[in-house]
Visitor: 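My structure is below; once you've seen it, I'll send some questions.
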2 protein chains.
Amino acid sequence: MARWDPGAADRLRQAALDLFVERGFENVTATEIAERAGLARRTFFRYFADKREVLFAGSEQLPPTLAEIVRDVPAGLAPIDVVLRSLSAMGAELTKYAHRARERRAVIAASPELRERDRTKAAALTDALTGALHDRGVAEPEAQLLAQVGGAIFTVAFGRWIEQGGDQTFPEVFDAAVGEVRAALI
Amino acid sequence: MARWDPGAADRLRQAALDLFVERGFENVTATEIAERAGLARRTFFRYFADKREVLFAGSEQLPPTLAEIVRDVPAGLAPIDVVLRSLSAMGAELTKYAHRARERRAVIAASPELRERDRTKAAALTDALTGALHDRGVAEPEAQLLAQVGGAIFTVAFGRWIEQGGDQTFPEVFDAAVGEVRAALI
């Protein structure tokens, strides 16, 4: 058993993204990712279940994190404000760790399998948001509608934040998108 | 080669839904569906690629249908009104053919694989809507945002239409959901 290498997971992530960008996700193996990172194949599987997981590792923490953020929003706000404030705060956290987000996004966009995984992840977030609103006393039909609409705005805003390349913070991009929807609907 | 049986596809659909409800999607084979419908196994595969397709057959026509509806909306309307009017019209069409929609929905909800397929279908609709708006001269960022938000409202409204069991038309349910989002955002 090799000794614990604290940088291994990150080196694997970088190597994987390099290779996915160079050759396309389908044409890269876990062995090749390990080689590029200067690690053994078995080390790869100590950190990730498969090559797909390199792109999504950690995302299983997002739904409970969002639920916690919703729980911590002060009482007395309208449900829509709970939704928007929570999604803005989650996005602000998320974008702190979004290294090479544009390349990651391009890799996902090019693969039906990865797009599917990405949508599953987004659906888990919407479900967590619906449940957390419910726990705050928002009735199910309203909770679901606001969570879906908020999730839709979040998805678009996250894409825009990546595209604009760091000039604006996520909350700024998100607020602008909410403003557009509001202006359209009024 | 058996002679052409115009009722076969529908009998297979009914038999499949019966069996999925009774035993769960995972525990039913194509052979069993064919048997229940009183048809040969090879007849099943003349109509459907696999048992999943029994639930989603025809859905590949929805994105081009939606794009056509968007094209036919009169000029001069605001982009959001194009989106809402088109989705309402598509839903009205769709609900005409939504036999046993509540059972179908329950079967899909119980299977991660089917939920994934359902989300892929919804994403194809949103993409078609974005593209059709773009063709009407709506700029990409706005088209994407309105299509995503409209799609979110559509998804929730479709679920509500199924739940309420036919008392209201789809456009009525959809308009009510749009009204809720509007009221929340103002």
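All values derive from a computational prediction rather than experimental measurement.
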Visitor: Does B:Leu125 belong to the same Ile/Leu/Val/Met/Phe/Trp/Tyr cluster as B:Leu55, with side-chain heavy atoms less than 4.5 Å apart forming each link?
Guide: no
Visitor: For the candidates B:Leu146, B:Leu185, B:Ile186, which exhibits the highest count of non-hydrogen atom pairs separated by less than 4.5 Å from chain A?
Guide: B:Leu185
Visitor: So which of B:Glu163, B:Arg160, B:Glu180 actually passes side-chain contact (heavy atoms from CB on, under 4.5 Å) with A:Pro141?
Guide: B:Arg160
Visitor: Side-chain heavy atoms under 4.5 angstrom apart, residues restricted to Ile, Leu, Val, Met, Phe, Trp, Tyr: same cluster for B:Ile162 and B:Phe25?
Guide: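 Hydrophobic grouping puts B:Ile162 apart from B:Phe25.
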Visitor: Check whether B:Ala184 gets within reach of chain A through its side chain, its backbone, both or neither, counting any heavy atom under 4.5 Å.
Guide: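 For B:Ala184, the contact with chain A is made by backbone and side chain together.
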Visitor: Out of curiosity, does A:Phe56 fall in the hydrophobic cluster containing A:Leu94 (side-chain heavy atoms, cut-off under 4.5 Å, transitive links)?
Guide: no
Visitor: Would A:Leu62 and A:Leu114 show up in the same hydrophobic cluster when neighbours are defined by side-chain heavy atoms closer than 4.5 Å?
Guide: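 Shared cluster, no.
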Visitor: Identify which part of B:Arg119 has an atom lying under 4.5 Å from any heavy atom of chain A, answering side chain, backbone, both or neither.
Guide: both
Visitor: Find the one option among B:Leu145, B:Thr155, B:Val149 whose heavy-atom pairs under 4.5 Å with chain A are most numerous.
Guide: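 The residue among B:Leu145, B:Thr155, B:Val149 with the greatest pair count is B:Leu145.
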Visitor: With hydrophobic residues grouped by side-chain heavy-atom distances under 4.5 Å, do A:Phe158 and A:Leu17 end up in a single group?
Guide: no
Visitor: Can you tell me which residue among B:Val181, B:Ile153, B:Val156 is in a side-chain contact (heavy atoms from CB on, under 4.5 Å) with A:Gln148?
Guide: B:Val156
Visitor: With chain A as the partner, which of B:Glu142, B:Gln144, B:Glu116 has the greatest number of non-hydrogen pairs under 4.5 Å?
Guide: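 Of the candidates given, the most pairs with chain A belong to B:Glu116.
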Visitor: For A:Ile80, is it the side chain, the backbone, both or neither that has a heavy atom under 4.5 Å from a heavy atom of chain B?
Guide: side chain
Visitor: Side chain, backbone, both or neither: which part of B:Pro79 has a heavy atom under 4.5 Å from chain A?
Guide: neither
